[in-house]
Amino acid sequence: MPELPEVETTRRGIAAHLTGERVTNVTVREPRLRWRVPRALARELPDQRIAAVRRRAKYLLLDTHAGSAIVHLGMSGSLRIVPAGTAVRAHDHVDIAFDSGQVLRFNDPRRFGTLLWTRSDPLRHRLLVHLGPEPLEFNFDGAYLHEASRGRRAPVKSFLMDGNVVVGVGNIYANEALHLAGIHPAREAGRVSRARYDVLAGTVKQVLSNAIERGGTTLRDFLSADGEPGYFQLDLLAYERKGEPCRKCGTRIKRLVIGQRSSYYCPRCQR
DNA sequence: CAACGGACCTGCCTGC
DNA sequence: TGCAGGCAGGTCCGTT
């Protein structure tokens, strides 16, 4: 469910409530997430203060003096800030309570999400250490994409969604960025020119920045930590628009499966 | 190495 | 109404 803009929206929402607050209690109702929630989390997080809430790729990092909680929302996860005593609903797997009287509540119907605890630098954790650059940082550009794609025969859309190449670009925003760049999603990554990668790097930044500004994309169920929906779905040009007219040329948007993921594109604008 | 398919889960929607 | 099948915003892992 959440891609970079939804995770960043969540980060901003929880950081405002949690930074500097002290954890009083951790309740794990269902530890069976993507990986089992370690017992050390409930043992070592209480009494710690949240020094910072960071994001790396689609991971959220809750830093304390003793260690960091590593959170990933998977396909269906969400974090909400609720007052202590708020009724527990289905799939409310973990609560982290604070002395402010607020609770950070992790809900995840599909349980593809992650909640881990590390005493050392979370950026060196095995799940994070191999990640590619952040798409909104200056070191992500057309030159980088062009260089990284040489010899790659996979579709450019799969290449763009590969977290070792660049992080945070999921299915919605890969479709949107390729549409804006006029690149066919099935084109071989190694056969896209430097000039077109310059354009693509720009459209990736553009689409992610705009989506963050709009508070993310709410298609089915995404809500921010404060319970607000996003609005970027109003700006979608390709994603889930099969059969609808391209907003630029009027040609019907097509759907194609690439790497087991739905891909939407305009057969006229994208080559 | 790069590429691919399967795996992990629940919920919602469509069509018979 | 029930049930099967397909689909969903992610990504790791084992096999080619």
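Given the structure is predicted, the values throughout are model-derived calculations rather than measurements.
A:Phe140 pairs by the ring-ring contact (aromatic ring centres under 6.0 Å, His included) definition with nothing, not counting sequence neighbours.
A sub-4.0 Å separation between OP1 or OP2 of B:dT10 and a side-chain N or O of A:Arg111 is present. Side-chain N/O atoms of A:Arg110 include none lying less than 4.0 angstrom from OP1 or OP2 on C:dA8. Using a 4.0 Å cut-off, no side-chain N or O of A:Arg261 falls inside it from OP1 or OP2 of C:dC7.
Taking the six-membered ring where tryptophan is involved, the planes of A:Tyr265 and A:His184 are tilted, since the angle between them lies from 30° to 60°.
At a threshold of 4.0 angstrom between heavy atoms, the contacts of A:Tyr239 are confined to the sugar-phosphate backbone, with no base atom among them. A:Arg152 comes within 4.0 angstrom of sugar-phosphate atoms only, judged by non-hydrogen atoms across all strands, and of no base. Within the nucleic acid shown, A:Ser158 has no heavy atom closer than 4.0 Å to any nucleic acid atom. A:Arg126 comes within 4.0 angstrom of sugar-phosphate atoms only, judged by non-hydrogen atoms across all strands, and of no base. Counting non-hydrogen atoms under 4.0 angstrom, A:Tyr59 reaches the backbone sugars and phosphates but no base. Residue contacts shown for A:Asp108 are absent, as no nucleic acid heavy atom lies under 4.0 Å away. Among the heavy atoms of the strands lying under 4.0 Å from A:Arg153 are primed sugar atoms or P, OP1, OP2 only; no base atom is included.
Rounded to whole Å, the separation between the P atoms of B:dG5 and C:dC7 comes to 15 Å. Comparing the P positions of C:dC3 and B:dC9 gives a spacing of 23 Å, expressed to the nearest Å.
Of the nucleotides present, none pairs with C:dG9 by Watson-Crick or G-U wobble criteria with both distances under 3.5 Å.
A ring pair (Phe, Tyr, Trp, His ring centres under 6.0 Å) check over residues 145-181 of chain A, counting only residues at least two apart or in different chains, returns the pairs A:Tyr173-A:Phe232.
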